[in-house]
Amino acid sequence: MSPRAKSIPQPKQARAKDTVSMVIAEANRAIETGGESSVRIQEISAKTGVSIGSIYHHFGDRDGLIRATYVHNFAANIQEDIGRAKRFMDKMHSTQEIAEHYDEMLAFLVDHFKHVPADKRANIIGNTTGRPLLRAALAEVQHGLTEQLTEVMQLLQDRGMLKPHLSPRAAAVMVLGMLHGRIVAEIDTSPVSETEWNQAMISAFGGLFLINDQLNL
């Protein structure tokens, strides 16, 4: 099951999928422009051409639309990037091979943070205070992302690359935690550079694996 299956409407027809995506995109623009108070069903209907009835049909109510928008933003790109990571790791059969692709991993992180700012995800998490439905929806998404990344770590464990005292799931949670933790660098008055942060992340990632003394991740 997709980690977004219960959090965002999942219509089967292509036209309905386009409708849901269009409405979420417009709701997101409203939130980024003026906050949640700017999300008005009538205005979104007018701007998208989607009837008010259709919006309520897909999202239930205004809160449901806001919730779906947050969930979409939280999961956006991370799920796709986990797929990229799995395809990358499928080709790796030793830590030596991973080390030889350092530049590729660095480019991956640069691209990831360009599309998924950590402060945006942190803001979404902050909005869960006093909102159990949003918290539950994000927890569902996070669980799905963790399960997908755990599959990647399990693959590396099966190939004898993950340190034996580490569980694949714990390793997956740690990696996702580092991705979310970028907010610490972004709000610092004297933040480390993007390059320094990404290099530190790759170094920490390399600590999960059995690596020969000659290798340097």
Side-chain angles (χ1 to χ4, degrees), residues 1-8 10 71-118 120-122 124-125 128 135-186 192 194-217:
M1 177 181 292
S2 164
R4 295 184 292 175
K6 295 181 182 179
S7 307
I8 298 178
Q10 298 287 319
V71 169
H72 173 270
N73 290 342
F74 188 79
N77 292 99
I78 295 185
Q79 189 173 12
E80 179 180 343
D81 283 350
I82 289 176
R84 289 172 58 191
K86 186 171 184 178
R87 290 190 293 274
F88 173 79
M89 289 302 178
D90 272 340
K91 299 181 290 186
M92 302 295 112
H93 291 82
S94 71
T95 50
Q96 174 69 54
E97 289 185 71
I98 294 178
E100 290 171 354
H101 289 78
Y102 179 90
D103 289 343
E104 187 175 342
M105 289 190 291
L106 193 59
F108 171 85
L109 284 177
V110 170
D111 185 62
H112 173 82
F113 287 119
K114 182 191 305 180
H115 293 96
V116 194
K120 190 171 185 177
R121 288 201 298 266
I124 292 172
I125 293 173
T128 64
R135 182 178 180 83
L138 291 183
E140 178 192 343
V141 171
Q142 186 62 51
H143 176 77
L145 295 173
T146 300
E147 290 298 299
Q148 291 180 55
L149 192 54
T150 297
E151 292 180 9
V152 178
M153 294 302 172
Q154 182 65 58
L155 171 68
L156 298 179
Q157 185 183 67
D158 292 343
R159 292 178 177 175
M161 297 161 66
L162 194 67
K163 288 182 177 177
H165 68 278
L166 296 176
S167 75
R169 184 174 178 80
V173 170
M174 193 277 285
V175 172
L176 287 171
M178 285 194 296
L179 293 176
H180 294 324
R182 173 67 178 265
I183 183 61
V184 175
E186 293 180 357
V192 297
E194 181 180 89
T195 298
E196 290 175 312
W197 174 270
N198 290 337
Q199 288 174 335
M201 274 201 63
I202 293 177
S203 179
F205 178 69
L208 298 172
F209 306 111
L210 292 170
I211 304 176
N212 296 333
D213 292 339
Q214 295 78 17
L215 300 183
N216 185 22
L217 276 180

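Here the structure is a predicted model, which is why all the values come from computation and not from measurement. Any value given below was found using the heavy atoms of this structure, including those in side chains, with hydrogens, waters and symmetry copies removed.
The backbone N or O of Q199 lies less than 3.5 Å from no partner atom in the side chain of S203, so there is not a single donor-acceptor pair. Remark: side-chain polar atoms of R159 are paired, donor with acceptor, to backbone N or O of D90 under 3.5 angstrom.
Residues L155 and D158 are not in side-chain contact: their nearest non-hydrogen atoms beyond the backbone lie 4.5 Å or more apart. Side chains of M153 and L166 form no contact here, defined as non-hydrogen atoms less than 4.5 Å apart. Side-chain atoms of N198 and M105, non-hydrogen and from C-beta on, never get closer than 4.5 Å to each other. Using a 4.5 Å heavy-atom cutoff, the side chains of W197 and M178 are not in contact. The shortest side-chain heavy-atom distance between R84 and H112 does not fall under the 4.5 Å cut-off. In this structure, the side chains of E100 and M92 stay at 4.5 Å or more apart for every pair of heavy atoms. Residues L210 and P164 meet the side-chain proximity criterion, which asks for heavy atoms closer than 4.5 Å. In this structure the side chain of L208 never reaches within 4.5 angstrom of the side chain of L156, judged on heavy atoms.
In plain terms, the two heavy atoms of E194 and R182 that are nearest each other are CG-NH2, 3.7 Å. When all heavy atoms of V141 and V71 are compared, the closest pair comes out as CG2-CG1, 3.3 Å. Across all their heavy atoms, A172 and T146 have their closest contact at CB-O, 4.0 Å. Scanning both residues, I183 and A122, for their nearest heavy atoms gives CG1-CB, 4.0 Å. Across A204 and M174, no two heavy atoms sit closer than the pair O-CE, 4.2 Å.
Here CD1 of I82 is found 11.0 Å from CD of E80. Values are rounded to the nearest 0.5 Å. Rounding to the nearest 0.5 Å places CE of M201 at 11.0 Å from CG of L106. Between the CD1 atom of I78 and the CZ atom of R121 there is a distance of 3.5 Å, given to the nearest 0.5 Å. Distance check: N73 CG to I124 CD1 gives 5.0 Å after rounding to the nearest 0.5 Å. To the nearest 0.5 Å, atoms CD (E140) and CZ (F74) are separated by 12.0 Å. To the nearest 0.5 Å, the span separating CD on Q148 from CG on D81 amounts to 11.5 Å.
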Q) Step by step, would you call L179 with L109 a side-chain contact (heavy atoms from CB on, under 4.5 Å)? A) CA-CA 9 Å; L179 293 176; L109 284 177; 4.2 Å; yes
Q) Are H180 and Q142 close enough, and set up right, to give a side-chain contact (heavy atoms from CB on, under 4.5 Å), and what steps lead you there? A) CA-CA 11 Å; H180 294 324; Q142 186 62 51; 3.2 Å; yes
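Counted by atom type alone, Q154 and E151 present zero donor-acceptor pairs between their side chains at under 3.5 Å.
Shown here is R169, whose CZ atom has more than 12 heavy atoms of other residues, nucleotides or ligands within 6.0 Å.
Ring geometry, F205 versus F209: the interplanar angle exceeds 60°, so the pair is classed perpendicular (tilted spans 30 to 60°).
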